[in-house]
S.K.: 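Please find one structure pasted underneath; my questions will follow.
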Amino acid sequence: MRVIHGSETLSHPPGAVVTIGNFDGVHLGHRALIERTQAMAERLGAPSGVLTFDPAPQQVLRPEKAAPRIQSLAQRLESLEMTGVDLVIVEPFTKALAAFSAEQFAEQILLQRIGVRGLALGHDFRFGKSRQGSIETLQACLSVPLEHQGAIELDGAPISSSRIRRALVEGHVVPAAACLGRLHAVRGTVIAGDQRGRTLGFPTANVREVEGLLPAQGVYATWAQHRGQRHPAVANLGTRPTVDGPHHVVLEVHLLDFSGDLYGEVLTIEFVDFLRGEKAFADLDALKAQIAQDAQAARDRL
């Protein structure tokens with residue numbers, strides 16, 4: 001997959017069939033749209049492409065109301081690569097771009113820079129200044145085939161990034177995974193902690209600099225990916241109230257049946273199921289007993 005950071009850097013138009021959007025999460029609805037794009041590209045003998053934006057428009061225009069991102073840009077690109085699309089153009093979203101009229105966007109970016117051969121768009125696609133542009137606008141501006149994809153539904157409701165985001169912040173990782181078509185994952189670097197988990201018999205990896213949206217605080221059955229291997233694990237996401245933990249939320253992961261030094265390593269944590277909420281215990285013995293129960297519950301769930 002070829003990644004272009006900014007359409008203005010293209011030395012010549014790739015002449016691709018493209019789909020356009022934020023694609024946060026690259027969920028089942030996004031993938032259906034990409035598959036339609038790829039099918040059109042195959043018919044026309046053209047490369048398939050995705051035009052996406054970073055940062056998200058709302059982060060630039062209304063940062064105080066901007067929703068957290070399900071994935072980092074790096075994660076989004078990895079998910080897009082897994083779809084088999086040929087080309088991804090990451091367009092920097094700026095206030096200058098937001099001021100483009102729909103006609104300017106179609107003419108300068110889609111036609112002149114990309115040389116689009118066809119478009120596949122979501123049913124509710126809007127673009128240009130104040131979101132004035134629509135599929136009908138593009139049909140009037142561009143003489144290329146244009147298809148639109150209806151909403152993909154699950155359990156009677158459309159799959160969307162906002163639906164997945166709501167599920168995650170409420171700790172509902174199972175329905176989020178159903179909409180994503182895969183387990184929701186975050187990743188970060190393991191740093192040295194206070195090693196209290198080791199003294200309790202359950203050494204934990206303290207994961208920091210986390211990429212991806214963290215779900216609600218609590219204890220989860222997870223998979224931990226490390227150097228291409230997937231390990232069963234139990235994760236605690238919270239403030240460690242029993243041991244007078246930090247005031248900020250931290251992610252601690254105990255890899256079941258694993259021994260080794262993980263300091264400085266990158267872990268990807270896949271959330272399988274919510275086990276329980278975070279709570280304070282009377283003493284460390286009670287905490288240790290609960291951690292043992294959590295580890296067993298994670299084994300059973302995994």
S.K.: Evaluate the salt bridge (Lys or Arg N to Asp or Glu O under 4.0 Å) criterion for residues R131 and D124: first the C-alpha distance (whole Å), next the side-chain angles of each, then the deciding distance (0.1 Å), finally the verdict.
M.R.: CA-CA 11 Å; R131 294 172 55 83; D124 57 352; over 6 Å; no
S.K.: Please check: side-chain N/O of T189 versus main-chain N/O of R208, any donor-acceptor pairing under 3.5 Å?
M.R.: no
S.K.: For the pair R163 (side chain) and A157 (backbone), establish whether a donor and an acceptor sit closer than 3.5 Å, ignoring hydrogens and angles.
M.R.: yes
S.K.: Just by distance, do the side chain of T222 and the backbone of A233 share a donor-acceptor pair under 3.5 Å?
M.R.: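 Looks like yes, one N/O pair under 3.5 Å.
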S.K.: What is the distance from atom CG of L51 to atom CD1 of I20, rounded to the nearest 0.5 Å?
M.R.: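 It is 5.0 Å, given to the nearest 0.5 Å.
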S.K.: Report yes or no: does E170 contribute a side-chain atom to a donor-acceptor pair with the main-chain N or O of A167 at less than 3.5 Å?
M.R.: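 Answer holds: no.
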S.K.: State whether the side chain of T52 and the backbone N or O of G21 hold a donor-acceptor pair below 3.5 Å, judged by distance alone.
M.R.: yes
S.K.: Answer yes or no: is there an ion pair linking R301 with D294, defined by an N-O contact shorter than 4.0 Å?
M.R.: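 No, no charged N to carboxylate O under 4.0 Å.
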S.K.: Say you draw a straight line from OG1 of T94 to CZ of F100; how long is it, rounded to the nearest 0.5 Å?
M.R.: 8.0 Å
S.K.: Donor-acceptor pair, distance only, cut-off 3.5 Å: does the side chain of R76 make one with the backbone of N22?
M.R.: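 Judged by distance alone, yes, a pair lies under 3.5 Å.
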S.K.: Is there a donor-acceptor contact under 3.5 Å from the side chain of H148 to the main chain of L121?
M.R.: no
S.K.: Looking at side-chain heavy atoms only, is the closest gap between I34 and T19 below 4.5 Å?
M.R.: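 Yes. Closest side-chain heavy atoms under 4.5 Å.
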S.K.: Under 3.5 Å, is there a donor-acceptor pair between the E91 and S7 side chains?
M.R.: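 Checked: E91/S7 side chains pair up, N/O donor to acceptor below 3.5 Å.
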S.K.: Do V50 and F23 touch side chain to side chain, with heavy atoms closer than 4.5 Å?
M.R.: yes
S.K.: In this structure, would L80 and M82 fall into the same cluster of hydrophobic residues linked by side-chain contacts under 4.5 Å?
M.R.: no
S.K.: Enter the distance from I269:CD1 to L255:CG here, rounded to the nearest 0.5 Å.
M.R.: 7.0 Å
S.K.: With clusters defined by side-chain heavy atoms of hydrophobic residues (ILVMFWY) lying less than 4.5 Å apart, directly or transitively, does V17 cluster with L33?
M.R.: no
S.K.: Can you see which heavy atom on A292 is nearest to which on F202, and at what distance?
M.R.: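 Answer, listing the atom of A292 first, then F202: CA-CZ, 3.6 Å.
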S.K.: Report the C-alpha separation of S79 and Q71 in whole Å, then their side-chain angles, then the decisive distance to 0.1 Å, and conclude whether the side chain to side chain donor-acceptor pair (under 3.5 Å) test is met.
M.R.: CA-CA 9 Å; S79 294; Q71 294 179 305; 2.9 Å; yes
S.K.: How close do V234 and A298 get, heavy atom to heavy atom, and via which atoms?
M.R.: CB-CB, 3.9 Å
S.K.: Around atom CD of E42, are there more than 12 heavy atoms from other residues, nucleotides or ligands closer than 6.0 Å?
M.R.: no
S.K.: Calculate, to the nearest 0.5 Å, the distance between atoms CD and CD belonging to Q104 and Q112 respectively.
M.R.: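 Rounded to the nearest 0.5 Å, the CD-CD separation comes out at 10.5 Å.
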S.K.: Over 60° means perpendicular and under 30° means parallel, so classify the ring planes of H231 and H226, tilted if in between.
M.R.: tilted
S.K.: Aromatic ring centroids of F105 and F127 under 6.0 Å?
M.R.: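 Centroid distance F105-F127: below 6.0 Å, so yes.
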S.K.: Might you point out which heavy atoms bring P232 and L302 nearest each other, and give the distance in Å?
M.R.: CB-CD1, 3.6 Å
S.K.: When you look at L168 and H172, which way does the side-chain contact (heavy atoms from CB on, under 4.5 Å) test go after all the steps?
M.R.: CA-CA 5 Å; L168 290 172; H172 303 319; over 6 Å; no
S.K.: With a 4.5 Å cut-off on side-chain heavy atoms, are D86 and R2 touching?
M.R.: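 No, their side chains stay 4.5 Å or more apart.
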S.K.: For residues R36 and Q149, is any side-chain donor paired with an opposing acceptor at under 3.5 Å?
M.R.: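 Result is yes, a qualifying pair exists.
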S.K.: Grab the two heavy atoms, one from A178 and one from L154, that are nearest each other, plus how far apart they are.
M.R.: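 Looking at all heavy atoms of both residues, the closest pair is CB-CD2, 3.7 Å.
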S.K.: Give, for atom NZ of K279 and atom CD of Q217, the distance between the pair rounded to the nearest 0.5 Å.
M.R.: 15.0 Å
S.K.: Can you confirm whether R69 sits close enough to L213 that some side-chain heavy atom of one is under 4.5 Å from a side-chain heavy atom of the other?
M.R.: no
S.K.: Looking only at side chains, do E211 and S72 share a donor and an acceptor under 3.5 Å apart?
M.R.: yes
S.K.: Does some side-chain heavy atom of C141 sit less than 4.5 Å from a side-chain heavy atom of E107?
M.R.: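 Side-chain contact under 4.5 Å: no.
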S.K.: Taking the side chain as every heavy atom from C-beta outward, state whether F53 and V90 have any pair of such atoms under 4.5 Å apart.
M.R.: no
S.K.: For M40 and Q38, what are the C-alpha separation, side-chain angles and deciding distance, and is it a side-chain contact (heavy atoms from CB on, under 4.5 Å)?
M.R.: CA-CA 5 Å; M40 187 192 298; Q38 291 168 314; over 6 Å; no
S.K.: Where is the tightest heavy-atom contact between V3 and H5, given as atom of each residue plus distance?
M.R.: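 Minimum heavy-atom contact is CG1-NE2, 3.6 Å.
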S.K.: Give me the one residue out of I114, V88, L10 that meets side chain to side chain contact (heavy atoms under 4.5 Å, CB included) with I4.
M.R.: L10
S.K.: Hydrophobic cluster membership, with links at side-chain heavy-atom distances under 4.5 Å among I/L/V/M/F/W/Y: are Y263 and V253 in one?
M.R.: yes
S.K.: For residues E278 and V219, determine if any side-chain heavy atom of one lies less than 4.5 Å from a side-chain heavy atom of the other.
M.R.: no
S.K.: Any sub-3.5 Å donor-acceptor pair from R165's side-chain atoms to P68's backbone N or O?
M.R.: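 A pair under 3.5 Å: yes.
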S.K.: Would you say L256 ends up clustered with F258 if hydrophobic residues are merged whenever their side chains have heavy atoms under 4.5 Å apart, either directly or through other cluster members?
M.R.: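 As far as the 4.5 Å side-chain criterion goes, L256 and F258 are not connected within one cluster.
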S.K.: Is it possible for you to say whether V272 and V186 belong to one hydrophobic cluster, with membership spreading through side-chain heavy-atom contacts below 4.5 Å?
M.R.: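 Different hydrophobic clusters.
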S.K.: Using 4.0 Å as the upper bound for N to carboxylate O, is an ion pair formed by R230 and E270?
M.R.: yes
S.K.: Check the pair L287, D285 against side-chain contact (heavy atoms from CB on, under 4.5 Å), reporting the backbone distance first and the verdict last.
M.R.: CA-CA 5 Å; L287 173 61; D285 287 337; over 6 Å; no
S.K.: Given side-chain contact (heavy atoms from CB on, under 4.5 Å), test L180 with I159 step by step and report yes or no.
M.R.: CA-CA 9 Å; L180 286 166; I159 294 173; over 6 Å; no
S.K.: Measure the spacing between CD1 of I152 and OG of S160 and express it to the nearest 0.5 Å.
M.R.: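 That separation rounds to 12.5 Å.
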S.K.: Spell out, as yes or no, whether a donor-acceptor pair under 3.5 Å connects the side chain of Q293 to the backbone of Q290.
M.R.: no
S.K.: List the atom of H30, the atom of S161, and the distance in Å for their closest heavy-atom pair.
M.R.: CE1-OG, 3.5 Å
S.K.: Mind checking whether L119 and E147 have side chains closer than 4.5 Å, heavy atoms only?
M.R.: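 Counting from C-beta outward, L119 and E147 never come under 4.5 Å.
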